[in-house]
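Here the structure is a predicted model, which means the values were calculated and not measured.
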Amino acid sequence: MHLYQITKKLLSSLASKSPLTKQCLFILVLCGYLLLFIAGPESDIVATALTLGLCLVIFIITTYTILYATIIKNRINLSVSLPSESLYATQSFTAILSLPSLNSMPGILHEFSPVFEHHGATATKIRLLTTPESTRVALPITLPHRGNWRILAIKCSVKDVTGFADITWTIPIDTTCCVLPQKALASTYPVLSSSQRAGDVAPDLARRVGDPYDLKQYHPSDGVKKIVWKVFAKSGELLSRHPEPSMTPEGFVGVFVAARRTDDTICSAALDYIAALEDLEIDIRLACQGLGDLPIAHDTTSSRDLLIDAVWNSNDSSSPVPDMQKLLDACSQYVTFGAVETILIFVSGDRLEQSGETTKLVELGTWLEQQGISPTYMLIEPSQNIREAPSERTLLEQLHLVTKEDSPIVTSGEYRQFLGICLTRQWEVYT
């Protein structure tokens, strides 16, 4: 077994540095063994003739393939065209690969596949054994999550059908697929405000101000006009009116999207929520995990672009506190009167079901409380059947009433634990 592993590793190394495949190198090694130890002229002339004939066939086929690849390599030029409509994660779309006019030789197989800058893309490899009828060939592509997926090159390969020779090279191109988060069900989250102030301190009278309907204990600085004399006549207690709080100004919301690369569902829900706020002419400031040096978003378009641009940094295991701090700085600059009182945090339930993620988000909420800000969590319930242990079966499965695929959702407990912590600390949660 050890000798087999060494031989396989040696053949793979030689195949990576030469146009010959591992199968071809194995046959050549076998032929050499037969010529040296078995098929000698004095022992077996038939075996010698067959071995030399096989070596000659391999030489002819590989030489033929290498010469053809050398000729076509200098003539071929490729380009990729993307569809004009919006592209969404996990949804397959068809790109168009423009090929030159190939005059395919008999027994030659052409292969073309895109090379992406980041891993995870799924693309169909195009195989052409005969001359294609058209120079435009469909290339189905599926991308797993949102982001700007850049195609760096097209990998080209020319090989013979016997599998003896394989000549591979790449043609550089620069095409980017802008992939939006996969669509989710419309969210039903309530419209909340991140800041409040007394209505009578509004600098612009044309904006929303509070009416003086709230009551408080009288203070000499309130003046005589604000005393509620009817209450004084009945109870003998001095109370004065003061303005109700009003949203600042015409509504203001600070949003933080705690989304990793695969959390497209919560990104879609956050974008729907931002669009609803924009329709109500409510100002927003949005940041997300992996913000880095990117600017804070302030509308639907910039929010979508931010969630796409920050995706490659969103799997960082570091704390989300620095990104949240940048959001708070932007909110503080916007709120000139009053203070930021709450921040909306969008979180996927699938993320909370994974070990350690609940701790990170609780620490983020605790840090916000230390800044005098109440966290408000916008959640999407877990979508996967996550179990306490892979071998554990539910009661319905044990009674053979349902199969494992039809078993009800059983969460791992992390999601329920997070809801319990929010309830204990009196953090608002909306699902």
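- Below 30°, between 30° and 60°, or above 60°: for Phe116 and Trp149 the angle between ring planes is above 60°, a perpendicular geometry.
- Between the OG atom in Ser314 and the CZ atom in Arg260 there is a gap of 9.0 Å [rounded to 0.5 Å].
- Note: Ser268 OG to Asp264 CG = 8.5 Å, rounded to the nearest 0.5 Å.
- Looking at Glu369 and Trp427, their side chains do bring a donor and an acceptor atom within 3.5 Å of each other.
- Neither side chain, Gln417 nor Tyr415, offers a donor N or O lying under 3.5 Å from an acceptor on the other.
- Side chains of Asp166 and Thr168: a donor-acceptor N/O pair is present below 3.5 angstrom, by distance only.
- The two residues Ala287 and Leu306 have their closest heavy-atom pair at CA-CD2, 4.1 Å.
- Arg425 and Thr366 form a side-chain donor-acceptor contact under 3.5 Å, judged by distance and modelled atom types alone.
- Ring geometry, Tyr334 versus Phe252: the interplanar angle falls under 30°, so the pair is classed parallel (tilted spans 30 to 60°).
- Taking 4.0 Å as the cut-off between side-chain N and carboxylate O, Lys326 and Asp323 do not count as a salt-bridged pair.
- Tyr377 places no side-chain N or O within 3.5 Å of a backbone atom of Cys422 that could act as its donor or acceptor partner.
- Once rounded to the nearest 0.5 Å, the distance linking OG1 of Thr122 with CD1 of Ile141 reads 10.0 Å.
- The closest side-chain donor-acceptor pair between Thr376 and Thr342 falls under 3.5 angstrom.
- Between His145 and Tyr88, the ring center distance fails the sub-6.0 Å criterion.
- By the 6.0 Å contact criterion, CD on Gln426 is open, its count of non-hydrogen atoms from other residues, nucleotides or ligands being 12 or less.
- When only modelled atom types and interatomic distance are considered, Gln333 and Asp329 share no side-chain donor-acceptor pair under 3.5 Å.
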